[in-house]
**Q** 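Provided herewith is a single structure, encoded as structure tokens, for subsequent inquiry.
The chains referred to below are lettered A, B, ... by the order of the sequence lines, with proteins before strands, and numbering in each begins at 1.
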Protein chains: 2
Amino acid sequence: MCGFRMPGIVADNPGVIRKNIQLPASSIFSSYLYLHNDAYMKFEAVTIKDIAKALGVSTSTVSRALRDSYEISPETKELVLECARKLNYMPNPIALSLKERRSRSIGVVVCEIANSFFSQVINGIESIAYDRGYNVIIAQSNESVEREIMDLHYLSSRSVDGLIISLSTETNDISHLQDLHNKGLPIVMFDRVTDEIKTHSVVVDNFKGTYEATEYLLQKGYKRIAAIANSEFLSITSERLGGYKDALQAYGQKFNKSYVKHCFYGGMVFSEIEDAVNKLMTLKQPPDAIIATSDKLTTGCLKTLMRRGIKVPDDIALVGFLNSDIAELMNPALTVVHQPALEMGKAAIELLLQLIESKRPVTQFEKRVLTPTLVIGKSAMDVN
Amino acid sequence: MCGFRMPGIVADNPGVIRKNIQLPASSIFSSYLYLHNDAYMKFEAVTIKDIAKALGVSTSTVSRALRDSYEISPETKELVLECARKLNYMPNPIALSLKERRSRSIGVVVCEIANSFFSQVINGIESIAYDRGYNVIIAQSNESVEREIMDLHYLSSRSVDGLIISLSTETNDISHLQDLHNKGLPIVMFDRVTDEIKTHSVVVDNFKGTYEATEYLLQKGYKRIAAIANSEFLSITSERLGGYKDALQAYGQKFNKSYVKHCFYGGMVFSEIEDAVNKLMTLKQPPDAIIATSDKLTTGCLKTLMRRGIKVPDDIALVGFLNSDIAELMNPALTVVHQPALEMGKAAIELLLQLIESKRPVTQFEKRVLTPTLVIGKSAMDVN
DNA sequence: ATCGTTCTCGGGAACGATTGCGTAAAAAAA
DNA sequence: TTTTTTTACGCAATCGTTCCCGAGAACGAT
């Protein structure tokens with residue numbers, strides 16, 4: 001009597017749903033009524049009411065049976081499970097969210113999706129979130145603090161259970177984030193972080209990244225190494241410039257302030273990079289090498305040099321942060337600082353889920369520091 | 001009497017919420033109670049009940065006042081609006097979803113996020129969806145049909161209002177999609193599409209893309225042009241190979257079957273590409289040019305050639321589909337077929353929202369065909 | 001004075017699921 | 001046999017919101 005609808009194949013105990021279910025390619029979704037004939041009708045899902053009605057029991061019994069409660073007899077359980085399977089019942093996540101006051105979704109704010117580094121991070125986040133039954137809502141700030149605030153507003157209004165964020169370049173006032181944090185929203189920061197909010201964070205050893213890159217150039221014999229960096233506000237900027245400065249010092253070179261150029265919008269505005277490169281190249285003593293401290297800056301810098309007819313590495317060396325998997329295919333093959341982006345994403349979501357699912361308040365926060373890799377290419381040569 | 005909580009700044013009429021709201025950077029989120037002291041407490045949102053209680057009216061009145069119903073007096077409306085503003089009330093989207101039986105979220109299935117083409121498409125989708133109040137749930141198939149089915153299962157269980165999908169390379173049986181479609185789920189396909197499902201789709205003129213690329217090589221004087229393509233199952237494969245064949249014919253060259261290699265996993269498995277290139281290069285008459293018909297194939301092909309010490313374009317020419325914005329920085333600067341990915345994403349989401357928000361059944365389906373661009377680089381030379 | 005309108009508003013049932021509490025019937029203990 | 005305990009289930013509230021009814025009050029028409 002409970003087969004008055006399309007017979008389905010698999011229904012899972014809601015507790016273990018989507019865990020290695022093996023389903024045939026057909027009729028997986030028959031939890032929905034067939035109503036798609038001529039009229040355009042919203043397909044309606046099977047609910048516990050349908051099961052209850054079909055079996056002549058109460059919804060409480062169905063609910064408890066599905067959750068394998070001890071107060072339901074084995075026979076009834078079997079009946080309910082069987083019927084749920086037949087109707088291909090699937091629990092309504094929205095109703096559950098309302099009841100449990102959690103959305104099982106997390107928000108991710110990055111400045112740009114179409115950027116290798118961030119898309120790889122998102123890849124890592126998504127892979128784990130998916131397995132844990134969370135969905136990921138992605139928002140882009142486009143390096144604008146205004147947009148970042150709107151993103152957070154939006155995500156907050158969609159009542160996400162947690163947040164993973166890399167700050168926009170414009171963000172020096174973080175009160176909008178602080179507000180959310182104060183209200184108890186679990187937050188994990190990555191890449192561009194701030195100490196002002198006490199929470200977990202995931203970064204690479206930025207200092208080490210530029211230190212090694214600078215050291216590499218110094219060992220090659222370069223004497224006038226310039227740096228093109230992001231906005232001074234960003235954590236990554238000072239850290240990366242720190243590694244650059246320390247390496248210079250370690251090798252007995254004096255730090256030259258005019259060799260450091262900042263791009264406030266980190267290359268989102270291309271003319272920024274052009275200006276920076278132009279200013280460097282028109283110095284009385286132009287640099288013989290450039291370190292670019294982010295993906296967009298690295299490619300933008302190479303693009304500018306190329307367009308100006310400046311040969312790399314013959315006229316100038318170029319080393320930079322880059323997570324594109326085609327760095328070796330570039331002209332020249334770039335020597336790059338590569339970040340373990342996928343792992344960063346995984347670390348971030350793991351820390352976030354830990355925060356979200358923690359029963360008791362978390363007071364000890366972790367700053368997970370991963371190690372970047374210097375991938376040697378041909379964008380610097382031996383100068384002697 | 002209604003200011004017993006943190007005074008907020010802005011509350012919107014739910015009907016026009018998130019429409020060009022200008023808010024100061026602080027206290028935007030004070031719709032939530034301050035409970036984040038020592039104990040870890042979930043922050044609780046302000047509901048219409050709170051407003052009703054504060055004002056001594058019923059929730060119905062509050063609800064209607066907020067929705068600007070005609071049956072509420074202007075005075076009461078003003079009171080309610082004022083109070084909502086004070087408490088910084090924000091409607092609970094989950095409760096709304098439950099009531100209205102729609103989640104205001106759409107699912108996007110692509111094979112890989114960290115791929116320029118797809119991340120650009122997602123960028124386009126996201127930009128519009130966000131403005132229209134929808135959130136985007138992204139799932140990756142990794143070119144696996146099994147994973148694709150699980151993705152759809154997941155998205156379906158999260159009750160998305162619509163779906164945008166580019167099929168995985170393994171997908172020749174589309175009954176899992178067909179099922180969802182039959183049940184009335186609005187679907188828009190892009191890139192890798194199928195005629196078996198009658199719905200909107202967004203593609204580029206693949207034929208034209210390869211035709212022009214092939215023609216370009218033919219005009220340069222190449223005589224033995226090979227093609228490396230995706231799985232035969234995919235729509236893009238036959239279309240792109242079609243353009244290739246027709247161009248050959250138009251220029252009086254005979255089609256040589258051994259010059260066409262398929263990579264079933266489209267380059268997700270790198271050895272596939274290596275094998276394809278190796279087989280081509282060990283022919284008695286190896287090709288003098290290669291056309292790669294997808295992003296991953298293009299970069300994979302170049303990587304293989306480079307590793308084998310085969311110079312492009314000196315030893316062989318290479319032209320391929322590529323949406324990376326650093327094609328011009330590659331070695332050599334690649335001549336590529338560039339797809340308007342952002343526009344494709346925008347078109348897809350627009351068509352989907354049209355489907356979702358249509359009152360009456362949609363029977364006329366649109367196949368929107370955008371035009372790819374051949375971007376000339378230096379990966380082919382004049383051979384005479 | 002009585003009736004029909006119009007204007008406002010409240011009560012309460014949904015939406016789908018969980019869960020504390022109450023309670024019949026059955027089983028166990030007295 | 002009576003009492004107590006256990007078993008197995010139903011009722012109803014709850015989450016936040018909308019919306020169908022119903023209903024009181026004011027007002028004009030008869």
**Q** Tell me whether the OP1 or OP2 atom of C:dT8 has a side-chain N or O from B:K77 closer than 4.0 Å.
**A** no
**Q** Can you check nucleotides 11-13 of chain C for protein contacts, nitrogen or oxygen pairs under 3.5 Å, and list what you find?
**A**
{"unit_1": "C:dG11", "atom_1": "N7", "unit_2": "B:S60", "atom_2": "OG", "d": "3.3"}
{"unit_1": "C:dG11", "atom_1": "O6", "unit_2": "B:S60", "atom_2": "OG", "d": "3.4"}
{"unit_1": "C:dG12", "atom_1": "O6", "unit_2": "B:S60", "atom_2": "OG", "d": "3.1"}

**Q** Specify the separation, in whole Å, of atom OH of B:Y70 and atom P of C:dC7.
**A**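 So the OH-P distance, B:Y70 to C:dC7, works out to 9 Å.
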**Q** Please name all residues satisfying side chain to side chain donor-acceptor pair (under 3.5 Å) with B:E148, sequence neighbours left out, ordered by chain then number.
**A** B:T171, B:H176
**Q** Using the test salt bridge (Lys or Arg N to Asp or Glu O under 4.0 Å), find all partners of A:E146 that sit at least two apart in sequence or belong to another chain.
**A**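 Salt bridge (Lys or Arg N to Asp or Glu O under 4.0 Å) list for A:E146, sorted by chain: empty.
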**Q** Let's test this: given Watson-Crick or G-U wobble pairing with both distances under 3.5 Å, identify the partner of D:dT30.
**A**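 Check on D:dT30: paired to C:dA1, both distances under 3.5 Å.
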**Q** Has the side chain of B:E71 got a donor or acceptor that lies under 3.5 Å from a partner of the other kind on the base of C:dC7?
**A**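 There is none.
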**Q** Contact class for A:V62 (heavy atom, under 4.0 Å): base, sugar-phosphate, or nothing?
**A**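 Touches nothing.
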**Q** Starting at CZ of B:R67 and ending at C1' of D:dT17, how long is that distance when rounded to a whole Å?
**A** 9 Å
**Q** Any base atoms under 4.0 Å from B:S63, or only sugar-phosphate, or nothing? Heavy atoms, all strands.
**A**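 Touches a base.
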**Q** Salt bridge (Lys or Arg N to Asp or Glu O under 4.0 Å) with A:R104: which residues, sequence neighbours excluded?
**A**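 Here no residue qualifies.
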**Q** Base, sugar-phosphate or nothing for B:S97? Non-hydrogen atoms, less than 4.0 Å.
**A**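 Counting heavy atoms under 4.0 Å across all strands, no contact is made by B:S97.
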**Q** So if I take every side-chain heavy atom of B:L98 and compare against C:dC9, D:dA8, C:dG16, which nucleotide ends up nearest?
**A**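 Selected nucleotide: C:dG16.
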**Q** Across the strands shown, which category fits A:I72 at heavy-atom distances under 4.0 angstrom: base, sugar-phosphate, nothing?
**A** sugar-phosphate
**Q** State whether B:Y130 and A:R147 meet the cation-pi test: NZ (Lys) or CZ (Arg) under 6.0 Å from the six-membered ring centroid, and within 45° of the perpendicular axis.
**A**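 Yes.
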**Q** Once salt bridge (Lys or Arg N to Asp or Glu O under 4.0 Å) is applied, do any residues pair with B:E78, and if so which ones, sequence neighbours excluded?
**A** none
**Q** Just compare C:dT8, C:dA17, D:dT17 and give me whichever is closest to any side-chain atom of B:L96.
**A** D:dT17
**Q** Below the 4.0 Å mark, does D:dT17 have OP1 or OP2 next to a side-chain nitrogen or oxygen of B:Y89?
**A**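 Yes, such a contact exists.
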**Q** So which of B:L177, B:L351, B:I164 actually passes side-chain contact (heavy atoms from CB on, under 4.5 Å) with B:M189?
**A** B:L177
**Q** Calculate the interatomic distance between B:L87 atom CG and D:dG16 atom P; express it in whole Å.
**A** 14 Å
**Q** Check whether any side-chain nitrogen or oxygen of A:R101 sits under 4.0 Å from OP1 or OP2 of D:dG16, and answer yes or no.
**A**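 Checking D:dG16 against A:R101, a side-chain N or O does come within under 4.0 Å of OP1 or OP2.
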**Q** Going by salt bridge (Lys or Arg N to Asp or Glu O under 4.0 Å), name the residues that satisfy it together with A:K198, two or more places apart in sequence or in a different chain.
**A**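 Salt bridge (Lys or Arg N to Asp or Glu O under 4.0 Å) list for A:K198, sorted by chain: empty.
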**Q** A:P91 has a side chain; which of C:dA17, C:dC9, D:dT17 sits nearest to it?
**A**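 The listed nucleotide nearest to A:P91's side chain is C:dA17.
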